[in-house]
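Because the structure is predicted, anything quoted here is derived from the model rather than measured.
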Amino acid sequence: MACQLSEGRSNSFFQRCKPYIAMISLQFGYAGMNVITKVSLNHGMSHYVLVVYRHAFATLSIAPFALILERKVRTKITFTMFLQIFVLALLGPVIDQNFYYAGLKFTSPTFSCAMSNMLPAMTFVMAVICRMEKVNLKKVIYQAKVVGTVVTVAGAMLMTLYKGPLVQLFWTRYIHINQAGAPPAASVAADQDWVKGSIFLIIATFAWASLFILQAATLKKYTAQLTLTTLICFVGTLQAIVVTLVMERRKPSVWNIGWDMNLLAAAYAGIVTSSIAYYVQGLVIQKKGPVFASAFSPLMMIIVAIMGSFVLAENIYMGGVLGSVLIVGGLYSVLWGKYRESKENKEKESMTLPLEVVKGVIEGNAKILELEVDEVEIEKAKANNKKMISSSSINSVVVAVVEPVPDVLMKVKQELKS
């Protein structure tokens with residue numbers, strides 16, 4: 001019996017941790033994509049072609065699983081659902097990816113990740129506008145979410161606007177010594193169009209936030225996760241082909257790809273950060289909401305900064321370290337607010353009495369309600385060790401309530417609680 005209880009607790013703990021583990025793992029996947037893609041773009045690959053190949057790989061990798069695993073749960077696609085899928089493909093594979101890659105090409109992986117950390121703030125504001133999130137600044141949990149969002153953006157801006165002294169780590173010191181005589185990363189970055197890259201990254205982040213919001217609404221109507229991901233990637237591939245044919249019409253050679261870094265970038269981005277990421281992200285959004293999923297994006301910047309120092313020999317400055325600390329603090333604040341909000345909602349649901357309204361009759365100022373206690377629900381309450389209503393005390397309760405008299409209301413409430 002004790003073993004069963006311990007197994008049940010461990011399973012329950014693992015179930016609660018799964019969304020956190022999934023989103024943290026996705027950030028490592030996104031970080032690897034940023035570094036590999038930066039190397040590919042530096043070697044001259046067109047970001048328009050990269051988007052096409054990326055989502056073609058994504059479609060091919062996830063379509064077999066969708067066809068096999070969801071053949072019985074797949075629902076019919078209406079015209080409205082097709083329009084939503086079309087817009088999702090336009091926001092994610094086309095607008096977000098093309099503008100993000102363009103911004104990455106003009107800047108650096110760490111800078112791009114820092115700019116994309118506006119995602120939680122944008123998603124939170126859009127979720128409030130769409131009434132997916134509540135804001136009551138009189139409560140601490142909502143204050144924590146708002147403050148956490150502001151602190152996260154402040155940390156990202158600190159990384160962007162303030163460099164400070166160079167932080168020498170033991171592996172970066174070794175890399176920079178071996179690269180003596182080569183132009184430093186800062187001088188190369190100074191020649192890039194950082195303003196244009198920043199604008200592209202802001203547009204990409206806005207499209208990404210819009211994708212979170214629309215995906216959350218779509219998942220309520222179309223629950224076949226794998227099929228939805230496949231359709232988004234497939235439609236996005238077709239849209240990206242059209243965009244590439246228009247933007248690269250004078251350079252047919254850009255479609256050429258060999259067994260090199262360009263192929264690795266397209267395959268990695270397609271399989272890991274499109275097919276797997278879209279599917280896992282959709283599961284987390286369905287369970288925890290769009291703000292929870294977007295709140296983990298700041299971790300990607302920290303991972304990229306470390307990976308970039310290894311692979312691209314990027315310098316790490318004190319401003320980046322301080323910004324990372326603020327970002328982690330803001331992330332913790334947002335997640336704490338989401339956790340407390342979820343806990344309060346569960347407590348409210350558990351306190352709801354398992355009563356079913358059988359009959360309601362309104363006569364003048366009196367409302368007569370016949371309430372039946374469901375014996376099955378009582379047994380469930382007993383099993384969960386919750387406060388219950390004894391089935392021997394009342395099996396059927398008939399309450400006459402005169403609405404204008406508050407004393408009668410209090411008496412009824414006390415009777416139901418006893």
Note to self: Could you measure the distance from the OH atom of Tyr20 to the CZ atom of Arg16? Nearest 0.5 Å is fine.
What the structure shows: 9.5 Å
Check: Considering only heavy atoms from C-beta outward, does the side chain of Tyr53 approach that of Leu263 to under 4.5 Å?
Finding: no
Next item on the list: Might you confirm whether atom OH of Tyr268 has over 12 heavy atoms from other residues, nucleotides or ligands at distances under 6.0 Å?
Entry: yes
Next item on the list: Specify the closest pair of heavy atoms between Trp255 and Val52, including all atoms of both residues, with the distance to one decimal.
Entry: CZ3-CG1, 4.0 Å
Next item on the list: Give the C-alpha distance, both sets of side-chain angles, the deciding distance and a yes or no for side-chain contact (heavy atoms from CB on, under 4.5 Å) between Val272 and Tyr30.
Entry: CA-CA 8 Å; Val272 177; Tyr30 283 130; over 6 Å; no
Notebook entry, point to check: Just checking, is any N or O donor in the side chain of Asn34 or Tyr100 under 3.5 Å from an acceptor N or O on the other one?
Noted result: yes
Item checked: Closest heavy-atom pair and its distance - Ala89, Gly236 -> CB-N, 3.5 Å
Next item on the list: Write down the atom of Ile213, the atom of Cys130, and the distance for their closest heavy-atom approach.
Entry: CG2-SG, 3.9 Å
Note to self: Nearest 0.5 angstrom please: Thr205 OG1 to Leu211 CG, how far?
What the structure shows: 12.5 Å
Notebook entry, point to check: Do the side chain of Tyr101 and the main chain of Leu41 share a donor and acceptor less than 3.5 angstrom apart?
Noted result: no
Next item on the list: Would you indicate whether the side-chain heavy atoms of Met81 and Phe86 approach each other to under 4.5 Å?
Entry: no
Notebook entry, point to check: Is there a donor-acceptor contact under 3.5 Å from the side chain of Arg74 to the main chain of Ala66?
Noted result: yes
Check: Do any N or O atoms from the side chain of Thr244 and from the backbone of Tyr48 form a donor-acceptor pair under 3.5 angstrom?
Finding: yes
Notebook entry, point to check: Do Met45 and Ile257 come close enough that some side-chain heavy atom pair is under 4.5 Å?
Noted result: yes
Checklist line | Any Trp208 side-chain heavy atom under 4.5 Å of Phe99 side chain | finding: no
Margin query: Before you tell me yes or no, could you show the steps for Lys145 and Ser333 under side-chain contact (heavy atoms from CB on, under 4.5 Å), namely the whole-Å CA-CA distance, both residues' side-chain angles and the distance that decides it to 0.1 Å?
Written below: CA-CA 6 Å; Lys145 290 164 68 174; Ser333 180; over 6 Å; no
Note to self: Once rounded to the nearest 0.5 Å, what's the spacing between atom CG of Leu104 and atom CG of Leu201?
What the structure shows: 7.5 Å
Check: Can you tell me if Arg340 uses its side chain to pair, donor with acceptor, with the backbone of Gly337 under 3.5 Å?
Finding: no
Notebook entry, point to check: Is there a side-chain contact between Met23 and Leu26 (heavy atoms, below 4.5 Å)?
Noted result: yes
Check: Can you name the nearest heavy-atom pair linking Ile303 to Ala31, along with the distance?
Finding: CG2-CB, 3.4 Å
Next item on the list: Kindly indicate whether the side chain of Thr78, heavy atoms from C-beta on, has any atom under 4.5 Å from the side chain of Tyr222.
Entry: no
Check: Please walk me through it: do Phe106 and Ile199 pass side-chain contact (heavy atoms from CB on, under 4.5 Å)?
Finding: CA-CA 11 Å; Phe106 285 122; Ile199 295 174; over 6 Å; no
Notebook entry, point to check: Are more than 12 heavy atoms from other residues, nucleotides or ligands located less than 6.0 Å from atom CZ of Phe206?
Noted result: no
Notebook entry, point to check: Short question: side chain of Thr237, backbone of Cys233 - any donor-acceptor pair under 3.5 Å?
Noted result: yes
Check: How far does CE of Met33 sit from OG of Ser40, to the nearest 0.5 angstrom?
Finding: 12.0 Å
Next item on the list: Answer yes or no: is there a side-chain heavy-atom contact under 4.5 Å between Lys251 and Val254?
Entry: yes
Item checked: Between OG1 on residue Thr80 and CD1 on residue Ile85, distance to nearest 0.5 Å -> 11.0 Å
Notebook entry, point to check: Is atom NZ of Lys221 surrounded by more than 12 heavy atoms (other residues, nucleotides or ligands) closer than 6.0 Å?
Noted result: no
Check: Would you say Gln97's side chain and Val51's backbone share a donor-acceptor pair under 3.5 angstrom?
Finding: no
Checklist line | Shortest non-hydrogen contact from Gly92 toward Asp96 | finding: O-CB, 3.3 Å
Check: Going from NZ on Lys105 to CG on Leu50, what distance comes out if it is rounded to the nearest 0.5 angstrom?
Finding: 11.0 Å
Check: Is the count of non-hydrogen atoms from other residues, nucleotides or ligands lying under 6.0 Å from Phe28 atom CZ greater than 12?
Finding: no
Note to self: Quick one, Pro19 and Lys287 - any side-chain contact, counting heavy atoms below 4.5 Å?
What the structure shows: yes
Note to self: Donor-acceptor check, side chain of Thr37 to backbone of Ala265, threshold 3.5 angstrom: yes or no?
What the structure shows: no
Item checked: Backbone of Thr227 reached by a side-chain donor or acceptor of Glu70 within 3.5 Å -> yes
Next item on the list: Kindly indicate, with the supporting measurements, whether the criterion side chain to side chain donor-acceptor pair (under 3.5 Å) is fulfilled by Gln215 and Gln281.
Entry: CA-CA 10 Å; Gln215 188 177 12; Gln281 176 181 292; 3.1 Å; yes
